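Note sheet for the following structure.
Just so it is clear, the model here is predicted, and its values are computed rather than measured. The figures here come from the full heavy-atom set of this structure, side chains too, leaving out hydrogens, waters and symmetry mates.
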2 protein chains.
Amino acid sequence: MTGGLVAQSSVGPRRLTTQRQLVASALHEAGRTVSAAELFAGLRGNNPRIGRATVFRTLDLLVEIGLAQRFEGDGHVYLYTSCAPIHHHHLVCRVCGGTTDIDDAEVDALIRSVHRRHDFVLDHASLDFYGTCSSCPAAK
Amino acid sequence: MTGGLVAQSSVGPRRLTTQRQLVASALHEAGRTVSAAELFAGLRGNNPRIGRATVFRTLDLLVEIGLAQRFEGDGHVYLYTSCAPIHHHHLVCRVCGGTTDIDDAEVDALIRSVHRRHDFVLDHASLDFYGTCSSCPAAK
DNA sequence: ATCCTAACTGATACTCGGTATCGTTAGCCG
DNA sequence: CGGCTAACGATACCGAGTATCAGTTAGGAT
Ligand SMILES: [Mn+2]
Ligand SMILES: [Mn+2]
Ligand SMILES: [Zn+2]
Ligand SMILES: [Zn+2]
């Protein structure tokens, strides 16, 4: 699951370090959206020899290569979720942090409709939706 | 356009101060999404007697009562736009900051579809879309 | 018009998520 | 191995947003 870290990109070789494996697997095992601070705290508990900056850098890298996705959390914090590197959209629960993949077809229909009416190029990466999942009490 | 500041809420009376009028009208005249820092700088240029915190507080207030809407900017900064206090969604151009209102009908269709399939309550306030408008060069 | 009081303001200090720096470590290739 | 250099971690730093609090002012009451 972390094999995707070995990059085939043109910006230089990527190294599969133990820290990157730790961050990637911690994110994957979280099973929900988590902040960099959360991940850092959890990793420090097990292995005190990991740096804060490394967690931030690795999360950026994972997003860049498509193995994670970034969301905006409520307290103006970035949240991350482990993700397959194929393009799709999410429902993000604001209560429990859980994410659910959306069928691209219904979203793409909206994108095409909007594009037809407004001549506006949607940035697909940002088309994720926030709310409350069925197993969480309806907030508000 | 600033009359809405006089509140009828249960959290105490709201006062229509000169600072609030300044912020509200500056935001309205911007005609696009702007950050709190931008507004503050512009207001300071004309009237040095306005505080940074007041700009932030007033923007929060405007969002709270529905006269402005908050977005997430690229540099992890909040952007604001003056807005009619009726529920609707936006296209936000990441290049020029311009916003366009979307017909609610097409968005609501998606919301209903998602809710039918996933039993997920969408937070309507967050359903805004980012991209590049037709009068801006296609980024990337 | 004047008073009164609570809402509001602005200077300042602070919090904290994220980033830049830089000397050190370690992945990877030959 | 040995060497190159990506990547690491400690630390300092930045900047958006918030808390504090003494002083100010809007606006209702008299
Ligand atoms: Mn996913
Ligand atoms: Mn609008
Ligand atoms: Zn949930
Ligand atoms: Zn534009």
Side-chain angles (χ1 to χ4, degrees), chain A residues 2-24 26-27 33-65 68 70-80, chain B residues 2-24 26-27 33-65 68 70-80:
Chain A
T2 55
L5 273 178
V6 178
Q8 60 286 13
S9 92
S10 59
V11 295
R14 292 267 162 72
R15 294 179 182 175
L16 181 52
T17 66
T18 57
Q19 292 90 340
R20 286 179 176 176
Q21 296 180 67
L22 284 174
V23 172
L27 179 61
T33 54
V34 288
S35 67
E38 263 181 285
L39 279 176
F40 177 56
L43 289 167
R44 263 293 167 99
N46 306 337
N47 176 358
R49 292 196 50 71
I50 189 166
R52 215 173 71 95
T54 297
V55 174
F56 280 94
R57 283 188 293 232
T58 301
L59 288 171
D60 287 348
L61 171 64
L62 291 173
V63 168
E64 185 186 332
I65 66 182
R70 169 155 49 198
F71 304 99
E72 296 284 347
D74 262 349
H76 205 227
V77 172
Y78 290 135
L79 298 181
Y80 299 84
Chain B
T2 56
L5 275 177
V6 179
Q8 61 284 13
S9 91
S10 58
V11 295
R14 292 268 161 71
R15 292 180 183 174
L16 181 53
T17 65
T18 57
Q19 291 91 338
R20 287 179 175 177
Q21 296 181 67
L22 284 173
V23 171
L27 178 61
T33 55
V34 288
S35 67
E38 264 182 284
L39 279 176
F40 178 55
L43 289 166
R44 263 292 166 99
N46 306 340
N47 175 0
R49 294 196 48 70
I50 189 165
R52 216 173 70 93
T54 298
V55 175
F56 280 92
R57 282 188 294 234
T58 301
L59 288 171
D60 287 347
L61 172 63
L62 291 173
V63 169
E64 187 186 331
I65 65 180
R70 169 156 46 198
F71 304 99
E72 296 283 347
D74 261 349
H76 207 224
V77 172
Y78 290 136
L79 298 180
Y80 299 84

Over all heavy atoms of both residues, which pair between [X] and [Y] is shortest? Give the atoms and the distance, please.
X	Y	result
B:Leu16	B:Gln21	CD1-CG, 3.6 Å
B:Val77	B:Ser35	CG1-CB, 3.9 Å
B:Leu43	B:Ala26	CD2-CB, 3.9 Å

Checklist entry - Nearest 0.5 Å, what's the CD1-CG distance between A:Ile65 and A:Leu61? => result 4.5 Å
Checklist entry - Nucleotide by nucleotide, 5' to 3', does protein get under 4.0 Å of the base (B), only the sugar-phosphate (S), or neither (-) in nucleotides 5-12 of chain C, counting heavy atoms? => result -BBSBBS-
Item to check | Any side-chain heavy-atom pair of A:Tyr80 and A:Val63 under 4.5 Å | outcome: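 With C-beta onward as the side chain, the pair touches.
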Next on the checklist: Could you work out, with side chain to side chain donor-acceptor pair (under 3.5 Å) as the rule, every residue matching B:Asn46, not counting sequence neighbours?
Outcome noted: none
Once you round it to whole Å, what is the distance between [atom2] of [N] and [atom1] of [X]?
X	N	atom1	atom2	answer
A:Glu64	D:dA7	CD	P	10 Å
B:Asp74	C:dG18	CG	P	15 Å
A:Asp60	D:dA7	CG	C1'	14 Å
A:Glu72	C:dG17	CD	P	14 Å
A:Leu39	C:dG17	CG	C1'	14 Å
A:Phe56	D:dC13	CZ	P	19 Å
B:Leu22	D:dT25	CG	P	14 Å
B:Gln21	D:dT25	CD	P	15 Å

Checklist entry - Got a salt bridge between B:Glu64 and B:Arg57, using NZ or NE/NH1/NH2 to carboxylate O under 4.0 Å? => result no
Item to check | End axis versus end axis in the helix from C:dA1-D:dT30 to C:dG30-D:dC1, the angle rounded to 10°, five pairs used at each terminus | outcome: 40°
Item to check | Cation-pi check, B:Arg70 onto B:Tyr78 ring (under 6.0 Å, within 45° of axis) | outcome: yes
Next on the checklist: Exactly one of B:Thr54, B:Thr58, B:Leu62 should register a side-chain contact (heavy atoms from CB on, under 4.5 Å) with B:Arg20. Which one does?
Outcome noted: B:Thr58
